[in-house]
Each structure stands twice: as C-alpha cells, then as structure tokens.
There are 2 protein chains.
Amino acid sequence: MHQPESDRTIDRSSAMAGTRSHCDACVVRNRSICSALEPGARHLLGREGRIQTVKRGQTLVWEGEDALLVANVIEGVLKLSTSTSDGREQIVGVVYPSDFIGRPFGERSHHSVTALVDSRVCLFPRAAFDRFAHDHPELEHQLLNKALDELDRARRWMLLLGRKSASEKVASFLLEMSVRLAEVGCEENGPLDEFELPLDRQQIADVLGLTIETVSRQLSSLRASGVVDLPGRRALHILDRNRLMALAGD
Amino acid sequence: MHQPESDRTIDRSSAMAGTRSHCDACVVRNRSICSALEPGARHLLGREGRIQTVKRGQTLVWEGEDALLVANVIEGVLKLSTSTSDGREQIVGVVYPSDFIGRPFGERSHHSVTALVDSRVCLFPRAAFDRFAHDHPELEHQLLNKALDELDRARRWMLLLGRKSASEKVASFLLEMSVRLAEVGCEENGPLDEFELPLDRQQIADVLGLTIETVSRQLSSLRASGVVDLPGRRALHILDRNRLMALAGD
DNA sequence: CGACTAATTGAGTCGCTTCAATAAGCGTGG
DNA sequence: CCACGCTTATTGAAGCGACTCAATTAGTCG
C-alpha cells in the first residue's frame, strides 16, 4: 500500500533517503505525546515502536507483571483495571486514541490493560522508550502533562466512587463517556448525544463500583423518565442533557 | 528576557561567600523534586520560593480557583479534597514531607489543599516555577516520577473506594498511614506500629467514603478483637499487623 | 476541675446487593 | 430469512451493610 507524497516535513528528514516512517501518517501524531517531537526525532522514536492490534477482550498488560511495555493508543478504547485477591474488580481508567499507556521509569505494572473494543496501539519496549524520553525533554514534558491530566481525572473519579449515589454515578458516567468520545471523534465540537458504549453492563458496574443489576436499574429508570433512550444493548441516546447533568450532582 | 548566567557558571558564583540559600539545609532537599537539581540550580529555584507555615485547618489552595501556586511540603501533613455542590466531601490525596503540591502548566486547581496538622511548605508562584521547570528537564523528570507515583496511588485508592467493605477500608487506611508516616519519619526502616493519626474521625471518613459513625464502629471492632489499641483520640497502636493486613483484603 | 468538642454506641431505616427468574439481543445454521 | 440457542440485560423479592438520627461517653484545654 503506497501512500502518496504528502507532508512538507518529509523533505529535510529524508536527507536520509527512504526513511519515511508510519508516524508521518499516524492519525494521533498531533495529539499523542509524539506531537512534541520534531519530525526527525519522531521518526527516531517511531523506529523503536511497532503497531499492534488488540482485539476486544484481549489483555495487553497484566497487573503485577514486569512493566516491559508502554504504548500510545491509536484507535479503540481500553480499560485499566485492578482486582482484589478474591476477584472483585475495579476499572481505574479508560483510555482513548492519543492517550498514553504504561509506567515509564517504573518496574511493575499496577493494573491490567485490556481492550474494550478492537483497538490499535503503538507499542514500545519500556527500556528503549525510557532511554529515548531521557534524551528528549520535550517528550517528558508532554508525558508530564498527560500524567497530571490523568491524575486530575482519577481524583474526580474518587469523589464519584466515595460520595455519589448510584443514580449520580450512572448519570456522571454517561456524561463523561459522551464528552470523551466526542474529543476523540474528530471534527465534532460538542459532546455526542448518540453513541455506542464501548463497555457492557458489567464493565460499567466495574467503573462505578456498583453491581450489574444496579446499573441496569438506573439506566432503565433514566429511560423511563425520558432522559435517555437505549435503542440497543450498547447504544445510548441522550435526550435531555440538562436533566442528566443535574442528576450527575456535582 | 535575559537570564543572568547558565547553570554551570552558577556553581562558581555559589562558591562566593554569602550566596548560601535556605535550601542547603532544607530537610527534604534529598527527597523532594529539588534533589534532581545541581546545588547551583537549586539555589536559583530557591530564590523563587519562600517558606510558609500553614496551621492545622488552614487552607492553602481552594478548589476551582486559579492555580497560582505550587509547593514542596517540608513538614507536616496536608489533604487534597473535593466536594459536591451540596457539600459532600471526598479527600482525594494526603501529602507528606517531600511531596509536591499543585498543578504546574495548568490553569485551575481541581482540589483544595488544607493542612491536617501544623505544616511548613516551600511555596512558588506557578508562573515562575513553570518557567524554571521548562528550562530544567531534570526537574521535570522528577516531577513526572512523582506524578506517576501519585497516579498509581490514586488508582489503588479507587479499588478501595469502589470495591472494599467498611472494615477492609479502615484496615487498609491504617496500614497505609503506618507505611507513609514511616517513610517520612526518617531512619526507621519498617512501618510504624505506634503513631498519631493526623486525621480526625470525620477526615478518615472523608478519605474512605464512609460516615464518621461507621469509621468509629470499625475501629472499635478492631480494638475489641485485639488487632489495634486506641490509647487516645488520635493515637493508634497496631498490635497484630498480620491480622490487619489480612483484613485489608487485597 | 468543669465545659466544650470529638468520639462512641444504639436503634431504626434505606439503598444497594444478592439470589433468582424472565426477557431481550444477537449470531448461527437450517 | 427466520428459528433456534446462547449470551447479556432486565426485573422482582428478600436480605444486609452502611447510613441517619439520637443519646451517651470520653478526651482535651482553658
């Protein structure tokens, strides 16, 4: 498959002839951490990474194992999750295209990473990535910003987990979904009112710290009151966003 | 914008008498983010900061206000907290000496910062700190590591909030406290078995997503079963750490 | 020592979970 | 294309853990 010549940026870096990398056409090159890199440096990092597809349900990293990999999400949605020894699970993060996965400069992975829908990631061996990051402060800066954003998001979620009722949790979740899917879904400028949930009911329950039955009941109640419609198992239609926001309660 | 000299030349200038900064004797200089800096650069950063005492209960930063400050904790313990509009509070973080406070490169503060006990912090205007960090990759690297550690900690706490029972929550909390206080309390090499809780019962409840009564009942039950002793209002004595760890359930 | 605040304890209620049964999607093969 | 079977979701009924409200006790500080 031959991509036609494009980006002006190629001319100089191709002082080394034939060195165009997949990065030049990467759909997340302007939003992932790579966006901080000059084309030359980006190319260099690109040589360390490889594209990998991850099918729905497939686990990329297991909780507790050595953290040998980091990655950029190119396409899809993945969950980060941890469990108690007796099997209770909590989803501690959901990542979308342009998000970063993994723990650079760290020994162990503290959570599993599993695809919620068929996904594609750009995978790096952690050691090589660490080395590269160490030599490229602009990359570390971007990494820092992403980490700080994730930290804020995690802390807002702690308020939800610790202090919100089941109905507030479900309302908050639907709103967050609609916002984040819109951010990813390109040219749209507002949150989406109609979308496919990348999570099934059990996974929603695992995000919210509830049971599957409670999630189902809350969704049914939202439908009954005309706030949302549920045209299919994973389909969601927000009919009254204002009411949904009022129900989210923060 | 004219910067006086580059870092290397500062080494020399600090050899000049009278340029010693408070940083040279700072008790957290080897563990805070400053530990990444050469003495010269550290001195330069030190000039931007000032030591501030924060009394128990005093709030350094308010949720939602402009993020004008960042800081290193020198002494004491502080909480990070958020609230719902109707006043339910969740503590989303507890910071100790050598921890970093604030959101560099960010506009708004997403949580309040309040001293749990009389504390001292090294305060920087965010704008000046951002500028300095931008010019000192080794500082950003350290910042990144701290942020990633905090992120892991926050995510482990999400498992607790979403999936653990009241008794597991309290047991986990006591263990975490004993570990973190020991890390701070210098030469000790293991977790502390006897310490003062920097939080009152309401604040423990706000960390765990429980009510004050439930926390009290769980503590009483732990005392009744001989796992801990409660010699005073804020005093805690761990009598059977193994049993406590079993009760923490992860 | 006495007054005030913080913590404990008790009784009753409520919200979420648990267990169980039914219904709806959805992919497959006839 | 529809019927079938499997998976996933919904709904119901009962139980229980944590919350609420209220009263009592214990620390702590002047």
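Basis for what follows: all heavy atoms, side chains included, without hydrogens, waters or symmetry-related copies. Remember, it's a predicted structure, so these values are computed and weren't measured experimentally.
Partners of B:Arg153 by salt bridge (charged side-chain N to carboxylate O under 4.0 Å, His left out), not counting sequence neighbours, listed by chain and number: B:Glu150, B:Glu176. The salt bridge (charged side-chain N to carboxylate O under 4.0 Å, His left out) test applied to B:Arg163 returns A:Asp206, not counting sequence neighbours. In terms of the salt bridge (charged side-chain N to carboxylate O under 4.0 Å, His left out) criterion, residue partners of B:Arg241 (sequence neighbours excluded) are, by chain and number, B:Asp193. In this structure A:Lys164 satisfies the salt bridge (charged side-chain N to carboxylate O under 4.0 Å, His left out) test together with A:Asp250, sequence neighbours excluded. Remark: B:Arg126 pairs with B:Asp130 by the side chain to side chain donor-acceptor pair (under 3.5 Å) rule, at least two apart or across chains. The side chain to side chain contact (heavy atoms under 4.5 Å, CB included) test applied to B:Asp200 returns B:Gln202, B:Gln203, B:Arg234, not counting sequence neighbours.
Salt-bridge annotation for A:Arg88 and B:Glu168: present, with a side-chain N of the basic residue lying under 4.0 Å from a carboxylate O of the acidic one.
Applying the salt bridge (Lys or Arg N to Asp or Glu O under 4.0 Å) test to every pair with at least one member in residues 92-101 of chain A, sequence neighbours left out, gives these pairs: A:Asp99-A:Arg180.
As judged by a 4.0 angstrom heavy-atom cut-off over every strand, A:Ser216 is placed among the base-contacting residues. Using a 4.0 Å heavy-atom distance criterion, B:Leu219 is classed as making no nucleic acid contact.
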Heavy atoms under 4.0 Å is the rule here; annotate nucleotides 19-27 of chain C 5' to 3' with B where the base is hit, S where only the sugar-phosphate is, and - elsewhere.
B-----BS-
Cut-off 3.5 Å, no hydrogens considered: what does the side-chain donor-acceptor table look like for residues 71-82 of chain B, sequence neighbours left out?
unit_1: B:Glu75; atom_1: OE1; unit_2: B:Arg120; atom_2: NE; d: 3.1
unit_1: B:Lys79; atom_1: NZ; unit_2: B:Glu89; atom_2: OE2; d: 2.8

List the atom pairs, donor and acceptor, that lie under 3.5 Å between side-chain atoms in residues 213-223 of chain B and the rest of the protein, sequence neighbours left out.
unit_1: B:Thr214; atom_1: OG1; unit_2: B:Thr211; atom_2: OG1; d: 3.0
unit_1: B:Ser220; atom_1: OG; unit_2: B:Ser216; atom_2: O; d: 2.9

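At a threshold of 4.5 Å between non-hydrogen side-chain atoms, the residues A:Phe195 and A:Met177 count as touching.
Note on the helix from C:dC1-D:dG30 to C:dG30-D:dC1: angle between the axes of the first and last five pairs equals 40°, rounded to 10 degrees.
At whole-Å resolution of the value, CG in B:Asp206 and P in C:dA7 are 12 Å apart. Atoms CZ (B:Arg56) and P (C:dA6) sit 10 Å apart, rounded to a whole Å.
Annotation: of the two residues near DNA chain C, B:Arg163 and B:Val215, the 5′-most nearest-nucleotide partner is B:Val215.
Along DNA chain D, read 5' to 3', the first and last nucleotides having any atom under 4.0 Å from a heavy atom of chain A are D:dT7 to D:dA13.
The phosphate of C:dA7 has neither OP1 nor OP2 within less than 4.0 Å of any side-chain N or O from B:Ser220.
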